[in-house]
Each structure stands twice: as structure tokens, then as C-alpha cells.
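Written out below as C-alpha cells is the structure these notes cover.
Letters A, B, ... are given to chains in the order of the sequence lines, protein chains preceding strands, and every chain is numbered from 1. All values below were derived from every heavy atom in this structure, side-chain atoms included, with hydrogens, water molecules and symmetry-related copies excluded.
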Amino acid sequence: MNEPAVKVENLVKRYKEILAVDHLNLEIRQGEIFGLLGPNGSGKTTTINCILSLLSYDMGDISIFGKPMAPNRYDIKKDIGIIMQNVAVFDELTVYENIDYFCGLYIKDKKIRAQYVEDAIDFVGLNDFRKFYPKKLSGGLLRRLNIACGIAHKPKLIILDEPTVAVDPQSRNSILEGIQKLNENGATIIYTSHYMEEVEQICTRIAIVDKGKNLALGTKDELKKLIKKREIITIDILDIKDSDIAAIENLPHVYDVTFENHQLTILCDGGQHNLIRVLDYLQSKEYSFGHVHSELPTLNDVFLEITGKELRD
Amino acid sequence: MQVYKTFFKIAKKYLSSCIIYFSIFIVLLIAMSKLGTETTNSRFEADTVNFAVIDNDNTTASEALLDYLTGKHELVTLDDYSNESLQDYMYYEKIEYVLIIPDGYEANLLSGKTENIISHSMRTDSAKGFFFNQDVNAYLDCLKLYLGADYSLSEALDATKDTIEATADTKPESITFEEKNNNIVSGMTSYFQYMAYVMMSGLIIAVSPILITFHKRNLQERLACSSTAVRTQSIGIGLGCITYCIAAWLILMVVAMILYRPENMFSETGLMFILNSFVYTICITLITLIIGSFNLETNALNLISNVFGLGTSFLCGIFVPLWYLSDKVLIFSQFLPTYWYVKNINMISGASGEAFSKATYWNYIGIEAIFIAALFAIFLLANTQRKKKAI
């Protein structure tokens with residue numbers, strides 16, 4: 001059986017009185033894209049820094065590919081690629097020189113390194129910009145360079161800490177596609193973000209963290225099953241009697257009905273054909289209605305229900 | 001090696017401004033050191049003093065004295081010899097010295113009286129009067145010796161004239177020889193003195209930005225995650241810094257070789273200057289490394305470069321000689337390595353009047369070495385603090 005790519009057991013990290021990470025447990029399997037989802041200040045980056053041994057911690061154990069992690073475990077570090085939220089490249093070096101420098105910190109053989117640098121440039125699509133200095137690159141291209149510097153040495157574990165912050169939608173899509181491609185090539189990915197859509201789009205498993213605690217962990221479907229709300233139906237309607245609202249509330253799987261600003265909102269806790277049942281009832285009472293919308297819960301709903309607050313608070 | 005090579009790739013980006021900086025300084029340095037040489041030259045040039053005489057004795061002895069002085073200096077005949085007029089003539093620099101030979105001068109000489117047998121008046125703000133005084137005293141001392149040895153007045157006057165002339169004949173040769181060496185030593189003194197300022201300002205401006213680049217927080221995190229040990233990276237950066245500083249020092253040494261010729265540079269004095277500057281370069285390298293440990297902006301770096309460069313230059317005797325500085329300033333200056341570097345230069349060249357001694361030379365080098373040890377400790381401390389802050 002494969003060792004987990006990363007195993008965090010009972011991790012505690014304090015900054016004086018502030019408890020940044022509170023008895024956190026994580027097990028990240030090899031080959032998956034693992035999402036660490038939480039609002040700003042929830043302890044995601046602290047956890048990542050502890051995993052990378054950039055920070056000392058008060059309690060707990062961290063192992064990577066079955067080996068205990070420590071600041072001087074360079075044998076483990078050679079298999080890790082890190083892409084931080086802020087672009088970390090040398091302004092004084094060209095695109096090629098930057099990638100070559102960071103790759104050179106891991107790969108000593110010049111020939112292999114040259115090949116790896118070429119591969120990284122190809123991967124992020126910076127072939128036409130290899131002699132450009134970072135200041136001449138657009139924000140999106142700069143992010144790509146940042147990624148290339150982190151993955152050039154072909155690491156088995158890639159950690160991306162909010163890589164899409166302040167990135168335009170086009171570059172964001174390109175970055176997300178790139179991450180999926182890296183995963184297809186065999187790398188385990190840890191992806192931290194407070195953008196639930198991104199995490200939902202690419203991650204195979206997700207941990208929701210807040211105040212340094214792991215609140216929930218599973219696939220996105222597993223997480224959504226954790227909450228009562230499964231379907232939200234909204235119907236534009238001019239007016240409706242209170243007795244009819246009460247009647248809709250008594251329909252199977254419906255647990256909450258509200259009417260505000262000519263909009264009827266019905267929350268269902270599962271089941272099938274909820275929308276048809278509601279529409280049949282309204283038609284039977286000869287209500288005329290406009291726009292009808294049914295949506296499944298998002299991770300934000302999961303987060304809202306688990307923590308009682310919006311993800312982007 | 002990867003870090004070391006990258007250090008110089010980054011250094012290339014700052015090289016143009018560094019070259020401009022160093023070139024301007026080298027030109028100024030050469031000009032300043034040449035200026036220093038010329039000043040010394042003029043000091044040794046034979047010079048004449050415009051003087052007037054009030055001879056109230058009018059004897060053979062007084063005429064002989066006048067004869068001697070007229071041969072060396074310019075006797076000015078005045079229309080009016082009143083006190084007020086003489087003061088006016090001196091004020092308007094028509095004359096610089098008035099020799100007053102009182103009545104009884106010859107008689108006093110013959111009676112063996114030696115004190116206050118002549119008097120004078122001179123400008124106090126000019127060194128020329130003192131040189132004139134020296135000539136008068138030399139003549140009188142010699143004359144007194146012969147008279148004391150029972151020479152007759154005429155014999156003593158003749159013997160004094162011969163002796164003084166013989167001394168004068170040998171002097172020019174020895175002066176020319178001394179002057180030649182003094183010119184070079186003086187030039188080298190100025191060069192090595194101003195070099196301290198160039199090295200301090202230039203290297204802080206040129207090397208610190210490279211160090212600051214490496215120490216940027218974002219980069220530090222990425223570098224700390226890599227499989228190359230942080231210590232290996234630090235060694236690469238440190239070696240790059242040392243190589244850069246020593247290369248800059250070597251360039252300045254080559255310039256010095258061109259200016260003062262290798263035979264002078266490899267003389268004992270030259271080698272002492274070279275070793276002194278090398279030890280000082282290590283001090284500057286460490287100061288640069290310490291400054292580079294802080295995450296400074298370019299403006300702050302320029303400010304620090306100026307504060308360090310100009311501050312130490314004024315406090316430690318580069319721009320203002322040490323003997324013009326107050327005792328309080330000197331007490332503070334002693335806590336700066338530049339002070340001991342300059343003090344050593346002054347001692348080697350004899351500019352400060354401090355007697356040269358090899359033991360003192362090595363003492364000063366030793367003090368600079370203590371500064372190196374202290375700066376290295378500060379560097380280690382600053383580096384540790386920076387690493388702690390980086391995360």
C-alpha cells in the first residue's frame with residue numbers, strides 16, 4: 001500500500017496567545033489533488049509552512065511520503081515543489097535564468113537540468129518570453145513563471161498556496177488546467193484557496209479549515225451530503241397566500257419556505273422531483289409564475305452550515 | 001556554485017551604475033592624490049622672503065649678516081621706516097619680515113652675549129617669516145661657535161660664510177632626493193586615504209542590492225524549501241560578496257600600480273599600504289554583508305551609503321586630517337575601523353608626525369582585525385535575526 005503523500009497528526013501551532021493551528025489532522029493520498037479550503041486567516045498557510053518545515057510548531061507530527069519532515073530533510077525537500085501566493089522570482093534574471101536557477105537548487109546535472117528547464121518553459125507556455133525579464137511580463141505570464149520555477153525539477157508533491165489571487169479569469173483557467181495536467185503526470189497536489197469554485201473544480205478531496213481546525217474532509221459530494229440543504233428552488237411569483245406557503249412546506253423533503261420580494265425560496269433536504277412537486281402544486285392553485293431556478297448546494301453552503309459564516313467573510 | 005554564479009548574474013544588472021560610480025571616484029581620486037603631491041612639492045620649493053632691515057649698528061658684523069641674508073632673500077628698500085609704515089607694508093604684503101639690528105650688535109657679539117642681540121617683526125599668518133628666522137638663527141649660531149672658539153671677528157665671519165655656503169651647497173641634492181620619494185609617498189597616502197571612501201560608498205551601493213535581492217522574503221521562502229541547504233546558499237552568497245569586494249580592491253590596486261609604478265608599490269612602504277587596505281577591505285565587505293542582511297529599499301540604501309561613506313570620511317580623517325579633529329570626535333572615531341586604517345596610513349607616510357614603527361603598524365592592523373571579528377559576529381547575529389524574521 002502506498003504511503004500517504006502527507007500525513008499531519010495532531011498539529012498545533014501558536015503565535016503567542018493566538019492558536020493558529022488547533023490539533024489538525026490531515027492525510028493526503030498520493031496522486032490526488034487535495035484542496036485546503038478556508039477563509040483568510042483560517043490557518044491554511046500556517047499549516048503549509050509547518051508541512052514545509054518553514055515554521056516550527058508546538059505539537060504534532062508531520063511526515064511526507066512516510067518520512068518525518070524536518071528543516072534539514074533535503075532528501076524529502078527534493079521531491080517537493082512550492083508555488084507561493086506571491087510571485088517569488090529574481091527581477092534581475094530572465095525567464096530562462098530564473099527557472100534554471102530554481103531548478104539548479106534541486107538538479108545538479110547540467111544536461112538534465114537544461115532539459116527540465118525546457119520542459120517547464122513548454123509546460124507553462126513561456127517559449128516566446130524566455131529572454132524577458134519579469135518586469136516585462138504581464139501579471140498572468142508572471143504567475144506562469146512563478147509556477148514554472150516551482151515545478152521545473154519535476155517534484156512528486158506540489159504545494160500551491162493561493163496561486164490565483166489577483167489573477168484575471170483567463171490566466172486563472174490556464175493555471176487550473178496546468179494544475180490538473182501536473183496531476184495527470186503523476187504529481188500529488190495540495191491546493192489552498194479561499195475560492196470555493198476553484199477548489200470544487202479541480203480537487204478530488206477537500207478539507208474545510210477554520211480557526212486552525214479541520215471542520216470537514218471528503219470529496220465535494222461527501223461534503224455536500226454533510227449538510228441538510230440539498231436543493232434550493234427559487235420561483236418568481238407575484239403573490240402567494242400564507243396557507244399555500246404552509247402547504248408547500250408540508251410537501252415531502254421541503255424543510256423551509258420563504259417569500260420575499262416576489263420570490264419564493266424553497267429549501268429541500270434531499271429526495272427527487274422536488275421541483276416538479278412544487279410546480280404541480282402552484283399550477284393546481286392557478287398561480288402564474290415567472291423565472292424558475294433549481295440549484296444544488298455549493299461548498300459555500302457547506303461552509304456556511306458548518307461554520308455559520310460565509311467563506312469569504 | 002549555482003548561487004555563486006547567480007550572484008554575479010545579478011551583479012551584472014548593477015554593474016553599469018557601479019562602473020559609473022567607481023570611474024567618477026577613480027578620476028576624482030587620481031585628481032585628489034595628484035593635488036596632494038603638488039602641495040607637498042611647493043612646500044619643499046626654495047622660497048625667498050621679502051624683508052626690510054633697520055641697521056642701527058652699521059658695523060662689519062651687521063653688514064656680513066645682511067650680505068648673507070641678501071644672498072638668500074629679497075631685500076626691499078622702503079621710503080619710510082616708521083613703525084606705522086612698516087606695519088602697513090607688512091599688511092599689504094610688500095614685506096614679510098623686518099630685521100632690526102640694534103646699535104651695539106657687533107659689540108655684543110664680541111663680548112659673548114648671545115641672547116636678544118637682534119630683534120624682528122613679521123607677519124604671524126605666514127610660514128615664510130619662520131623660515132627667515134631659521135636662517136638668521138642658523139647664521140648667528142654658527143658665528144657664535146667660531147667666536148666662542150677664539151676666532152677673531154673677521155675670521156669668524158669668513159668661517160661662518162664658508163660653513164653656511166658649504167651647507168647650502170649640499171642641501172639641494174639631498175632635498176631633491178627626499179622630495180622625489182616624498183612625492184610618491186604623499187601621492188600614495190592621498191590615494192589610499194581617499195580609497196577608503198570609494199570602497200565604503202561604492203561597495204555598499206554595488207553589493208548590498210544583490211544581497212537584498214537574495215534576502216527578499218518571498219524568495220527566502222522558496223529558497224528555504226529547496227533541497228540545497230540554506231547554509232550552502234549562504235556560503236555561495238558570502239563568497240560572491242567577498243569575491244566582488246576583493247575584485248574591486250584589486251582594480252584599485254592596479255590603478256595604484258599604474259599611478260605610482262610597481263617598484264614603489266612593492267617597496268616596503270607600498271606593501272604596508274597594500275596590506276592595510278586589504279585588511280580594511282575585509283572590514284568593508286563585512287559592513288556590506290551586514291547592511292545586505294536588512295531588507296532595505298534603494299533610497300534607504302543610498303542614504304546609508306552616504307551616511308557611512310561621508311560620515312566615516314569626515315570623522316576618521318579622510319577628508320579632514322585627524323589632527324584637526326577635536327578630542328571628543330576622536331574618541332568616537334576610535335570605534336570605527338576607518339580611523340585605524342587612516343591612522344596607519346598617516347603613520348606610514350609620516351603625515352601626522354607620529355614616529356614610524358613596525359610594531360605600531362602591526363598594532364593598528366591588529367585593531368582592524370579585531371573590528372573584523374566584531375563585524376563578523378554582528379553579521380552572524382543580523383543573519384540569524386533576518387532568517388527568524390523571514391518566516
Side-chain angles (χ1 to χ4, degrees), chain A residues 13 15 45-46 48-57 64 69 71-94 96-98 100-110 113 133-135 146-147 149-153 155 157-159 161, chain B residues 1-18 205-237 239-241 244 292 295-298 301 383-391:
Chain A
K13 170 68 190 174
Y15 293 109
T45 302
T46 304
I48 294 297
N49 285 338
C50 289
I51 290 173
L52 291 167
S53 279
L54 288 174
L55 275 181
S56 59
Y57 41 89
I64 295 176
M69 184 59 175
N72 59 352
R73 287 303 299 264
Y74 301 110
D75 57 327
I76 301 174
K77 286 184 175 182
K78 73 177 171 51
D79 289 327
I80 303 174
I82 174 81
I83 295 143
M84 294 291 190
Q85 182 178 337
N86 297 319
V87 176
V89 295
F90 288 100
D91 290 335
E92 296 82 359
L93 301 181
T94 62
Y96 184 92
E97 286 170 339
N98 260 300
D100 182 59
Y101 176 75
F102 289 109
C103 190
L105 295 175
Y106 299 85
I107 310 290
K108 302 297 169 198
D109 187 296
K110 276 186 185 176
R113 191 166 77 226
Y133 285 96
K135 280 186 179 168
N146 195 34
I147 291 173
C149 291
I151 56 125
H153 59 288
L157 172 66
I158 301 169
I159 299 172
D161 188 10
Chain B
M1 210 52 184
Q2 178 79 355
V3 180
Y4 183 77
K5 281 181 188 170
T6 305
F7 183 96
F8 290 100
K9 278 183 189 170
I10 295 170
K12 267 200 284 182
K13 289 289 284 179
Y14 296 101
L15 200 61
S16 53
S17 57
C18 176
I205 283 288
V207 182
S208 295
I210 309 168
L211 300 171
I212 288 167
T213 298
F214 271 102
H215 296 153
K216 276 181 189 163
R217 187 182 168 155
N218 294 344
L219 283 167
Q220 277 291 295
E221 285 179 346
R222 177 164 263 170
L223 297 172
C225 292
S226 78
S227 64
T228 300
V230 175
R231 181 182 287 182
T232 311
Q233 294 178 42
S234 299
I235 289 170
I237 295 167
L239 280 177
C241 183
Y244 197 109
N295 207 353
L296 298 169
E297 297 292 328
T298 315
L301 200 62
N383 215 29
T384 312
Q385 288 300 316
R386 179 182 55 76
K387 279 176 188 165
K388 274 186 190 170
K389 272 189 179 178
I391 307 298

Report task. Mind running side-chain contact (heavy atoms from CB on, under 4.5 Å) on Thr213(B) and Asp91(A) for me, showing each step along the way? Result -> CA-CA 8 Å; Thr213(B) 298; Asp91(A) 290 335; over 6 Å; no
Pairwise distance [atom1]([X]) to [atom2]([Y]) - rounded to 0.5 angstrom:
X         : Y         : atom1 : atom2 : result
Asn49(A)  : Cys225(B) : CG    : SG    : 7.5 Å
Ile10(B)  : Leu93(A)  : CD1   : CG    : 5.0 Å
Ser227(B) : Ile107(A) : OG    : CD1   : 7.5 Å
Asn86(A)  : Lys216(B) : CG    : NZ    : 12.0 Å

Query - Chi angles and distances behind the salt bridge (Lys or Arg N to Asp or Glu O under 4.0 Å) call for Lys5(B), Asp100(A) - result: CA-CA 12 Å; Lys5(B) 281 181 188 170; Asp100(A) 182 59; over 6 Å; no
Query raised in the report: For residues Lys78(A) and Thr228(B), is any side-chain donor paired with an opposing acceptor at under 3.5 Å?
Result: no
Report task. Compute whether any side-chain donor of one residue and acceptor of the other, for Arg222(B) and Asn146(A), lie under 3.5 angstrom apart. Result -> yes
Query raised in the report: Lys77(A) side chain to Ala224(B) main-chain N or O, any donor-acceptor pair under 3.5 Å?
Result: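 Yes; judged by distance alone, with no hydrogens or angles, the pair exists.
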Query - Leu223(B)/Tyr101(A) under side-chain contact (heavy atoms from CB on, under 4.5 Å): CA gap, chis, key distance, verdict - result: CA-CA 10 Å; Leu223(B) 297 172; Tyr101(A) 176 75; 3.7 Å; yes
Requested in this report: Verify side-chain contact (heavy atoms from CB on, under 4.5 Å) between Val3(B) and Leu105(A), making sure each step is shown before the conclusion.
Outcome: CA-CA 8 Å; Val3(B) 180; Leu105(A) 295 175; 4.2 Å; yes
Under 4.5 Å from a heavy atom of chain B, the part of [X] involved:
X        : result
Ile80(A) : neither
Ile76(A) : neither
Val87(A) : backbone

**Report entry** Least distance between heavy atoms, Leu219(B) atom then Phe102(A) atom
**Finding:**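 Shortest heavy-atom contact: CD2-CZ, 3.4 Å.
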**Report entry** Pick from Ile159(A), Leu52(A), Val89(A) with the largest number of heavy-atom pairs that fall under 4.5 Å of chain B
**Finding:** Val89(A)
Query raised in the report: What residue, out of Gln85(A), Glu92(A), Arg73(A), has the most heavy-atom pairs lying under 4.5 Å from chain B?
Result: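 That would be Glu92(A).
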Requested in this report: Might you confirm whether atom NZ of Lys12(B) has over 12 heavy atoms from other residues, nucleotides or ligands at distances under 6.0 Å?
Outcome: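 Not more than 12 within 6.0 Å, no.
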